[in-house]
Amino acid sequence: MDKYDKVVELCRRRGFFWPSSEIYGGVAGFLDFGPMGTMLKRNIERRWRETFIQSHHGLVYEIETPVVMPARVFEASGHVENFTDVIVECLQCHKRFRADHLILEQAGEIQGIEGMSTKELDELISEKGVRCSECRGPLGKVSRFNLLFRTNIGPYSESVAYLRPEAAQGMFVNFKSIFNAMRERLPMGLAQIGKVARNEISPRQGPIRLREFTIMEVEFFFDPKAPGCTLIDEVSDVRLRLLTEDMVKTKTEEPMEVRVAEALKEGYIKTEWLAYFMALSTRFISELGAPTASQMFVAKLPDERAHYSAQTFDQLVRLDRWGWVEVSGHAYRTDYDLSRHIQYSGQDLSAFRKFQTPHPVRVTVAKPKVERISADYGKETGKILSAIKGIDPGALKSRLSSGPVEVDGLIIRSEYVEFLEKEETLSGERFVPHVAEPSFGADRLTYLALECAYTEREDRVVLKLPPSIAPVQVSVFPLVNRDGIWEKAFSIHDLVRRAGMISEFDDSGSIGRRYARADEIGCPFAVTVDYQTMADDTVTVRDRDSWEQTRVPVNGLKEFLWSRLAPLRFIT
RNA sequence: GCGGCCGUGGUCUAGUCCGGUCUAGGAUAGAAGCUUCCCAAGCUUCGGAUCCCGGGUUCGAAUCCCGGCGGCCGCACCA
């Protein structure tokens with residue numbers, strides 16, 4: 001029985017999580033969270049929210065957008081086209097392969113294979129004689145498998161929609177509105193915690209690979225001409241364990257350890273904001289209980305990267321059974337998404353950049369000679385006028401200098417337009433912001449925290465969850481159930497509850513059994529009321545990790561507990 | 001999707017090879033009570049199992065056969 005099995009067994013037993021729709025046989029890739037699991041997951045989400053959003057108020061804002069979005073959004077985002085795999089199946093042994101990978105493997109380098117249609121790939125396969133790499137059997141037709149969950153909006157089957165595979169698109173399509181509402185300041189981050197769905201071909205690994213999961217993402221918009229991170233000094237000494245693109249290419253396995261400042265100076269990380277978020281992520285994951293030595297960032301090679309990304313690092317964490325597992329992705333998405341939405345929606349999603357000093361420019365203005373045009377075109381004059389308006393005056397001028405210009409069958413002659421040169425002052429220019437994106441899977445983090453916390457002591461399970469995320473923070477026990485001790489204990493339980501902590505009251509079984517129960521759900525503190533309490537109004541507070549007890553006066557209990565629950569814990 | 005192994009109370013498991021003695025045993029966890037009280041002590045009582053689902057073979061199936069679902073491992077997949 002390895003650690004994964006032990007954690008899964010504990011989680012079932014104590015109400016953390018288990019397979020979804022279990023009474024009907026279960027469905028692969030979906031997970032149900034019980035009371036303890038939900039509290040733990042919420043706490044992890046809360047800590048993420050505090051780390052990435054609340055401590056950046058004025059810079060990063062949280063929003064909430066629907067899971068279902070119309071097809072057009074994902075056509076624009078490129079997911080309908082690219083969030084697919086080209087699959088080919090061997091007709092003999094029925095093994096399935098990534099078609100493009102198989103072709104490259106057997107036919108060598110082929111330019112532009114990435115963008116090829118399934119037909120083109122079919123042709124390549126017969127042309128190059130590509131066969132099954134396992135049994136040498138013939139291959140079937142190449143097909144595309146899209147990982148988007150598809151649905152309809154309302155009763156109309158033609159209104160196709162998809163469940164979002166990432167929360168990001170909700171932030172991109174809302175960029176302009178929020179940018180306006182938040183007084184047009186850049187940089188600006190938008191964040192979202194919510195459900196996403198990906199129709200994985202064959203998910204395994206329990207909570208690690210799900211078809212529906214909670215994502216926690218920041219889309220951080222900045223001016224590519226002012227890419228500096230204003231907060232970089234706060235993290236410049238944070239050490240990142242990095243496998244750069246070059247190291248991945250040369251199959252290096254041991255990451256280098258570099259300071260954030262160095263990683264930027266050496267160009268390992270292309271943008272400061274990405275580096276900043278990677279540093280925050282290192283701290284965040286440490287706080288969940290994963291030592292920095294079992295964390296690293298690995299660069300994705302160009303052909304492994306998502307279609308939108310110019311640079312991506314995966315943050316990996318070492319798990320007992322599965323080795324290095326991705327817990328977050330850090331992508332430099334450039335202006336890809338906003339540009340695509342500008343193109344597909346026809347809306348202006350750009351920002352305005354003021355020049356430090358406005359500079360004068362000479363502009364060409366086209367002034368149509370209406371009388372001259374109407375002499376030639378009569379009732380169609382309006383069409384000519386709008387055609388002239390639609391062309392950049394400077395361009396029109398140079399084109400007309402070499403003869404008439406034709407637009408939609410209309411002939412524009414040089415005698416129709418008079419060009420004036422004007423002096424104007426330009427105070428700035430429009431541009432499309434760039435985006436750095438850190439993106440986390442909350443379910444994986446929940447499992448990670450549980451695995452890191454799992455320990456055994458004298459045949460008992462002790463979940464050493466960081467107090468900041470423990471589902472239950474305090475347990476209160478009466479040592480005996482008589483002589484007013486029960487009532488006193490219950491009133492202390494009430495006191496702790498009113499102080500804003502999650503407290504459990506347990507009066508059943510021996511005191512040792514109650515400590516053991518509390519340990520199994522990772523409750524960091526157990527308060528016991530005994531005879532001495534009745535005499536001097538003190539209680540014992542027992543520490544989950546050391547099993548040591550401290551006598552604390554009841555009137556100082558709240559402060560005692562809070563001071564030990566609130567601080568962040570960085571485990572190195 | 002393919003191949004291998006597997007699926008028994010909440011959990012872990014005995015039984016499956018070789019069908020009947022299994023109206024499924026144990027441990028642990030849970031509830032009620034007694035007792036003890038600072039690390040799962042003890043006693044009593046209680047609840048809880050369509051033996052993953054469906055079909056077949058048989059006088060008889062947890063056990064054998066077929067199909068499905070689910071899990072793990074390997075291959076493949078994982079923007």
Side-chain angles (χ1 to χ4, degrees), chain A residues 1-2 4-6 8-15 18-30 34 74 77-90 92-99 101-102 114 132-135 145-148 165-166 168 196 198-206 208-211 300 303-309 312 314 321-322 325-326 329 331 333 439 441 457-462 477-482 485 507-520 526-532 539-544 547-549:
Chain A
M1 210 181 184
D2 65 10
Y4 173 76
D5 285 324
K6 289 176 171 180
V8 166
E9 189 225 301
L10 176 75
C11 285
R12 155 55 64 54
R13 217 150 35 79
R14 289 300 182 189
W18 48 84
S20 194
S21 297
E22 213 186 9
I23 64 168
Y24 292 105
V27 207
F30 296 87
F74 299 107
S77 71
H79 284 90
V80 170
E81 187 189 343
N82 295 310
F83 196 50
T84 59
D85 295 326
V86 274
I87 292 180
V88 66
E89 185 172 337
C90 170
Q92 192 170 294
C93 71
H94 300 291
K95 278 207 193 303
R96 290 184 158 207
F97 305 91
R98 273 277 296 260
H101 288 185
L102 199 63
E114 285 287 311
C132 173
S133 64
E134 290 291 307
C135 72
F145 180 76
N146 194 298
L147 276 67
L148 291 171
E166 54 172 9
V196 298
R198 303 175 181 186
N199 205 356
E200 302 280 356
I201 297 168
S202 130
R204 296 241 189 103
Q205 309 176 312
I208 302 304
R209 237 178 93 203
L210 295 169
R211 289 190 165 119
K300 291 274 218 180
D303 59 338
E304 305 173 319
R305 285 202 292 260
H307 55 275
Y308 47 69
S309 175
T312 300
D314 280 348
R321 178 181 289 192
W322 292 300
V325 165
E326 183 192 334
R333 297 179 77 135
S439 167
R457 176 167 180 179
E458 297 171 18
D459 275 342
R460 293 165 34 168
V461 176
V462 181
F477 312 141
L479 188 63
V480 292
N481 294 335
R482 58 169 182 248
I485 288 179
D507 61 355
S508 114
S510 70
I511 193 78
R513 191 186 210 62
R514 291 179 244 165
Y515 284 139
R517 274 198 283 252
D519 286 345
E520 280 207 331
V527 173
T528 301
V529 173
D530 54 17
Y531 283 103
Q532 196 181 325
V539 290
T540 65
V541 177
R542 177 263 200 186
D543 181 82
R544 176 195 66 201
W547 289 17
E548 272 164 19
Q549 296 185 3

According to the Watson-Crick and G-U wobble definitions, with both distances under 3.5 Å, which nucleotide is paired to [N]?
N: B/G30; answer: B/C46
N: B/U63; answer: none
N: B/C18; answer: none
N: B/G74; answer: B/C2

Ignoring the backbone of [X], work out which of [options] is nearest its side chain.
X: A/Thr540; options: B/G70, B/C38, B/A29; answer: B/C38
X: A/Arg12; options: B/G10, B/A31, B/C38; answer: B/G10
X: A/Arg209; options: B/A29, B/C38, B/C78; answer: B/C78
X: A/Arg460; options: B/C37, B/C75, B/A40; answer: B/A40
X: A/Ala28; options: B/G71, B/C38, B/A31; answer: B/G71
X: A/Glu520; options: B/A40, B/C72, B/C38; answer: B/A40
X: A/Arg321; options: B/C37, B/C72, B/C39; answer: B/C72
X: A/Glu9; options: B/U11, B/C39, B/A29; answer: B/U11
X: A/Arg482; options: B/A31, B/U36, B/G3; answer: B/U36

Can you tell me how far [atom1] in [N] sits from the matching atom in [M], rounded to whole Å?
N: B/C2; M: B/G47; atom1: C1'; answer: 45 Å
N: B/U57; M: B/C78; atom1: C1'; answer: 43 Å
N: B/U63; M: B/G15; atom1: C1'; answer: 9 Å
N: B/G54; M: B/C39; atom1: C1'; answer: 49 Å
N: B/U11; M: B/C53; atom1: C1'; answer: 22 Å
N: B/C5; M: B/C18; atom1: P; answer: 16 Å
N: B/A40; M: B/G74; atom1: C1'; answer: 40 Å

Exercise. Do you know which of A/Arg12, A/Lys6, A/Arg13 makes salt bridge (charged side-chain N to carboxylate O under 4.0 Å, His left out) with A/Glu9?
Worked result: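 Testing each of A/Arg12, A/Lys6, A/Arg13 against A/Glu9, the sole residue satisfying salt bridge (charged side-chain N to carboxylate O under 4.0 Å, His left out) is A/Arg13.
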Exercise. Would one find a side-chain N or O of A/Trp322 under 4.0 angstrom from OP1 or OP2 of B/C73?
Worked result: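 The answer is yes; a side-chain N or O of A/Trp322 sits under 4.0 Å from OP1 or OP2.
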Exercise. Would you say B/A41 has OP1 or OP2 under 4.0 Å from some side-chain N or O of A/Arg513?
Worked result: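 So the side-chain polar atoms of A/Arg513 do come within 4.0 Å of the phosphate oxygens OP1 or OP2 of B/A41, strictly under.
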Problem set entry | A/Leu479 and A/Gln532, any side-chain heavy atoms less than 4.5 Å apart |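 When only atoms from C-beta onward are counted, A/Leu479 and A/Gln532 do not touch, as no gap falls below 4.5 Å.
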Exercise. Is it the case that A/Arg211 places NZ or CZ above or below the six-membered ring of A/Phe30, under 6.0 angstrom from the centre and within 45 degrees of the axis?
Worked result: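 No, A/Arg211 does not lie over the aromatic ring of A/Phe30.
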For this session: Identify whether any heavy atom of A/Arg305 sits under 4.0 Å from a base atom; if not, whether one sits that close to sugar-phosphate; answer base, sugar-phosphate or nothing.
Result: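 The residue A/Arg305 makes sugar-phosphate contact but no base contact.
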Exercise. Base, sugar-phosphate alone, or nothing: which one does A/Gly78 contact when heavy atoms must sit under 4.0 Å apart?
Worked result: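 Since no nucleic acid heavy atom lies under 4.0 Å of A/Gly78, the category is nothing.
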For this session: Please work out whether the ring planes of A/Phe477 and A/Tyr515 are parallel, tilted or perpendicular, with thresholds of 30° and 60°.
Result: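 Plane angle over 60°, so perpendicular.
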Problem set entry | Stacking of A/Trp547 on B/C39 base (centres under 5.5 Å, planes under 30°) |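 Yes, aromatic ring over the base.
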Exercise. Considering only heavy atoms and no angle criterion, is a donor-acceptor pair shorter than 3.5 Å present between the side chain of A/Arg204 and the base of B/G74?
Worked result: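 Pair found.
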For this session: Measure distances between side-chain N and O atoms of A/Asp530 and base N and O atoms of B/C37, and say whether any donor-acceptor pair falls under 3.5 Å.
Result: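 Not at all, since no donor on one side and acceptor on the other fall under 3.5 Å apart.
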I'd like a table of atom pairs between the protein and nucleotides 48-51 of chain B - only N or O on both sides, under 3.5 Å - with the distance next to each one.
none

For this session: Please name all residues satisfying ring-ring contact (aromatic ring centres under 6.0 Å, His included) with A/Trp547, sequence neighbours left out, ordered by chain then number.
Result: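 For A/Trp547, no residue satisfies ring-ring contact (aromatic ring centres under 6.0 Å, His included) once neighbours in sequence are set aside.
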For this session: Could you tell me the separation between the CD atom of A/Glu200 and the P atom of B/G1, rounded to a whole number of Å?
Result: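 Result: 15 Å.
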For this session: Decide side chain to side chain contact (heavy atoms under 4.5 Å, CB included) for A/Leu10 and A/Glu520; before the verdict, give the C-alpha distance in whole Å, the side-chain angles of both, and the deciding distance to 0.1 Å.
Result: CA-CA 8 Å; A/Leu10 176 75; A/Glu520 280 207 331; 3.9 Å; yes
